[in-house]
Amino acid sequence: MNQPQPTLVADIAACRNDFPALNQDVNGHSLVYLDSAASAQQPLAVIEAVARYQNDDHANVHRGVHTLSHRATELYEGARDKLRKFVNAASRAEIVLTSGTTESINLVAQSYCRPTLRSGDQILITWLEHHSNIVPWQLVCEQTGAELIVAPINDRGEIELDELYALMTGPVKLLSLSHVSNALGTVNPLREIIDRAKKAGITVLIDGAQGVPHMTVDVQALDCDFYAFSGHKMFGPTGTGVLWGREALLEEMPPYKGGGDMILEVSFDNTVFNDLPYKFEAGTPNISGTIGLGAAVDYLQSVGMDNISEHEKALHEYLVDKLAGVNGIRLIGTARNQASVQSFMLNDIHPHDLGTIVDHQGIAIRTGHHCAMPVMQRFGLSGTARASLGLYNNTDDVDRLILALEKARQIFA
Ligand code: PLP
């Protein structure tokens, strides 16, 4: 019997052709890429923007009077302006360019928390978090004597909101949680959570690594204090990312790293730090990558974030439906609001074996703990298989995955 086809956004089908890496055979089969949550493929527009800079404009930024340096600076700072508009930051001073979400969160841990936290203070996170949103807080707790506390999740992979709110008491100075869980796809109800945290006087950081590639993000509407994200999950180059922070908070924070570009004046007696956002950007930055990230923003906006969300939601529903039809599948993560990530187990097949078998059929999925070991512990697992969708995926990709899983089931029967 034919399954009903989901209504996908028509123009998105054509986007697949924008991604050269998708047009290849892997292990004798055409590639099906279902690992965008780990790293998304890059459209030609991004690859060409980076190549153009490397070919014609390569020079250091902010430092030279010569033409190439001017061009490089214009392109680099132009990317910052695009990123500002993309997340609706109030000013470009609030867009700190980093190497990714991990660095952005570490920056807040070391620059915001380390100088201000004391023994008796608490940092609040949830069981859903990626290691990048756990370990930097453990480090700063060790350095300051503060305590890390964790709000639980339910069997669907949703934060237990009542318990989260009950933990928002006086000692909590910072709440840090993901926009979207990379392991389970749960989309957290940020507006409600941030409102409650603000009322309790708690500063809020959002780990947006899995948020920005899939939905419109407006940091002013969210009303959080920091929002961190990575370029390579939003079709940009690796080693790029952003920390958005409220200007008033960033102003108060000391620099995170010292070096060139983050200063106005240096003598052996005294150093005057540069203005925002440069105070946090020591050393030669990832110029080509950031220019590529600017091109990725252009690309996302040309497709339209609402179109992307709609397409991925329909495709995720199709994926869940199809997976449910495979004997022995157990879905891990069934939140009522879920983005385009689906973890699962197939009978008692080890996820790595499953990943290897489907790879032999040209299908790339992620297997393991997804850098979210506490999530795995919560479900009593050492790892899962995970399919994550991007704007370039379609129902054929899902059908190919299902066929490959059926094959794996037979091999292990
Ligand atoms: N947070 C989440 C939710 C993620 O999915 C990831 C990467 O998988 C990160 C943080 C870390 O991102 P990066 O390695 O780009 O710094």
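Ligands are counted one by one from 1 in listed order, and the atoms in each one are counted from 1 as well. Index from 1, following the sequence.
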Taking only distance into account, with no hydrogens and no angle test, what donor-acceptor pairs under 3.5 Å do side-chain atoms of residues 344-354 form with protein atoms, sequence neighbours excluded?
from, atom 1, to, atom 2, distance (Å)
His350, ND1, His352, N, 3.0
His352, ND1, Thr367, OG1, 2.9

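- We find that Asp57 and Arg52 are not joined by a salt bridge, their nearest charged nitrogen and carboxylate oxygen being 4.0 Å or further apart.
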Sequence neighbours excluded and cut-off under 3.5 Å, please list the side-chain donor-acceptor pairs for residues 202-211, or say none.
from, atom 1, to, atom 2, distance (Å)
Thr203, OG1, Tyr112, OH, 2.8
Asp207, OD1, Ala209, N, 3.0
Gln210, NE2, Ala37, O, 2.9

Between ligand 1 and the protein, which N/O pairs fall short of 3.5 Å?
from, atom 1, to, atom 2, distance (Å)
ligand 1, 1 (N), Asp207, OD1, 3.2
ligand 1, 1 (N), Asp207, OD2, 2.6
ligand 1, 5 (O), Gln210, NE2, 2.7
ligand 1, 8 (O), His130, NE2, 3.4
ligand 1, 8 (O), Lys233, NZ, 2.6
ligand 1, 15 (O), Ser230, OG, 2.7
ligand 1, 15 (O), His232, NE2, 2.7
ligand 1, 16 (O), Thr101, N, 3.4
ligand 1, 16 (O), Thr102, N, 2.9
ligand 1, 16 (O), Thr102, OG1, 2.6

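- Salt bridge status for Arg246 with Asp223: present, with a side-chain N to carboxylate O gap under 4.0 Å.
- For Phe19, the ring pair (Phe, Tyr, Trp, His ring centres under 6.0 Å) partners two or more places apart in sequence, or in a different chain, are Phe235, Tyr299, Tyr392.
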Could you please spell out the steps behind the ring-ring contact (aromatic ring centres under 6.0 Å, His included) verdict for His369 and His131? CA-CA 10 Å; His369 55 64; His131 298 161; 5.6 Å; yes
